[in-house]
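Reviewing the structure listed below.
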Amino acid sequence: MILQKEIKLAPRSKGLHLITGEISRILPALPDKGIINLFLKHTSAALMLTENADPDVRKDLNEILDRVAPEGAPYYLHTAEGDDDMAAHAKTVMLGSSLTIPITDGYLNIGTWQGIFLCEFRDHGGPRDLVITIIGE
């Protein structure tokens, strides 16, 4: 069985936003075994699977990303959409646009402390399109 669905995530402010519950609520009944792929159709936002229990992890990750790819750096050539433009693209390349998660016993098989996050890198990113593909038995 292969199922595919495209959804639109509501616009969010710049930051790392937990979306595990939002994703789980819109999923159909999952197969006993399989995989799910989440693909974000944007070049200035990313997906990540990381620590969900301590909010300091999100703060630290934001700090790290901002230091590696600062907004408005004078060496950026691509600045067509403002100071956050190229920094957002760089962060997206570093984190990635997709996640693949195993499905076990009809549930997403993620760790106890893990969560799925939308990483919004733009001041005004707008709604984000997410393709969900489920492959299973």
Side-chain angles (χ1 to χ4, degrees):
M1 143 191 120
I2 298 176
L3 299 173
Q4 192 170 75
K5 180 177 188 172
E6 187 166 335
I7 65 167
K8 192 169 290 293
L9 298 172
R12 287 174 168 82
S13 60
K14 185 184 295 186
L16 309 178
H17 304 278
L18 181 66
I19 60 170
T20 309
E22 184 176 351
I23 297 297
S24 295
R25 282 189 294 280
I26 58 97
L27 291 176
L30 294 174
D32 186 49
K33 292 186 295 187
I35 60 169
I36 185 169
N37 179 266
L38 306 172
F39 176 73
L40 194 62
K41 294 172 61 174
H42 298 276
T43 61
S44 58
L47 294 173
M48 77 174 172
L49 186 68
T50 193
E51 163 82 37
N52 177 28
D54 184 352
D56 285 343
V57 171
R58 282 180 253 180
K59 292 176 188 169
D60 289 343
L61 287 170
N62 265 321
E63 182 71 25
I64 291 165
L65 290 168
D66 286 343
R67 287 178 185 219
V68 172
E71 291 185 9
Y75 45 84
Y76 294 153
L77 300 176
H78 178 74
T79 58
E81 296 177 39
D83 281 347
D84 65 348
D85 194 13
M86 188 59 223
H89 295 310
K91 292 170 186 177
T92 298
V93 168
M94 286 187 269
L95 294 183
S97 299
S98 68
L99 293 174
T100 300
I101 300 169
I103 298 168
T104 305
D105 297 327
Y107 293 94
L108 300 179
N109 193 347
I110 59 176
T112 302
W113 308 113
Q114 290 180 314
I116 301 167
F117 289 83
L118 170 68
C119 307
E120 179 56 69
F121 300 128
R122 300 300 306 270
D123 290 326
H124 306 287
R128 300 299 190 173
D129 299 310
L130 182 70
V131 180
I132 301 168
T133 305
I134 300 167
I135 302 171
E137 302 180 346

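The analysis underlying the following values was restricted to heavy atoms, covering all of them including side chains, and did not include hydrogens, waters or symmetry mates.
- Going from atom OG1 of Thr79 over to atom CE of Met86 covers 10.5 Å, rounded to the nearest 0.5 Å.
- Hydrophobic cluster membership is shared by Phe117 and Leu65, with clusters built from Ile, Leu, Val, Met, Phe, Trp and Tyr side chains linked at under 4.5 angstrom.
- Residue Ala90 comes nearest to Ala69 through the heavy atom pair CB-CB, 4.0 Å, listed as atom of the first residue, atom of the second, then distance.
- Proximity of a side-chain donor or acceptor of His89 to a complementary backbone N or O of Thr43 within less than 3.5 Å is detected.
- Residues meeting the salt bridge (charged side-chain N to carboxylate O under 4.0 Å, His left out) test with Arg58, sequence neighbours left out: none.
- Salt bridge absent: Lys59 and Glu63 never bring a charged side-chain N and a carboxylate O closer than 4.0 Å.
- For the atom pair Phe121 CZ and Leu16 CG, the distance stands at 6.5 Å (nearest 0.5 Å).
- Of all heavy-atom pairs between Leu95 and Cys119, the closest is CD1-SG, 3.8 Å.
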| said: For Lys91 and Asp66: C-alpha separation, side-chain torsions, deciding distance, then whether side-chain contact (heavy atoms from CB on, under 4.5 Å) applies. | reply: CA-CA 9 Å; Lys91 292 170 186 177; Asp66 286 343; 2.6 Å; yes
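- The two residues Pro11 and Pro127 have their closest heavy-atom pair at CG-N, 3.6 Å.
- No hydrogens or angles considered: a donor-acceptor pair under 3.5 Å links the side chains of Thr100 and Asn37.
- Clustering of Ile, Leu, Val, Met, Phe, Trp and Tyr side chains at separations under 4.5 Å places Ile7 together with Met1, Leu3, Leu9, Ile19, Ile23, Ile26, Leu27, Leu30, Ile36, Leu38, Leu40, Leu47, Leu49, Leu99, Ile101, Ile103, Leu108, Ile110, Ile116, Leu118, Leu130, Ile132, Ile134.
- Taking 4.0 Å as the cut-off between side-chain N and carboxylate O, Glu22 and Arg128 do not count as a salt-bridged pair.
- Heavy-atom minimum distance, Thr92 versus Ser97: CG2-OG, 3.9 Å.
- A donor-acceptor pair is defined here as one N or O able to donate and one able to accept, closer than 3.5 Å; no such pair exists between the side chain of Tyr76 and the backbone of Glu71.
- Counting heavy atoms from C-beta on, the side chains of Asn52 and Gln114 never come closer than 4.5 Å.
- Among all heavy-atom pairs drawn from Glu120 and Ala45, the shortest one is OE1-CB, 4.3 Å.
- Contact between Ala88 and Arg122 at its shortest, heavy atoms only, is CB-CD, 3.3 Å.
- Between the side chain of Asn109 and the main chain of Thr104, no donor-acceptor pair closer than 3.5 Å is present.
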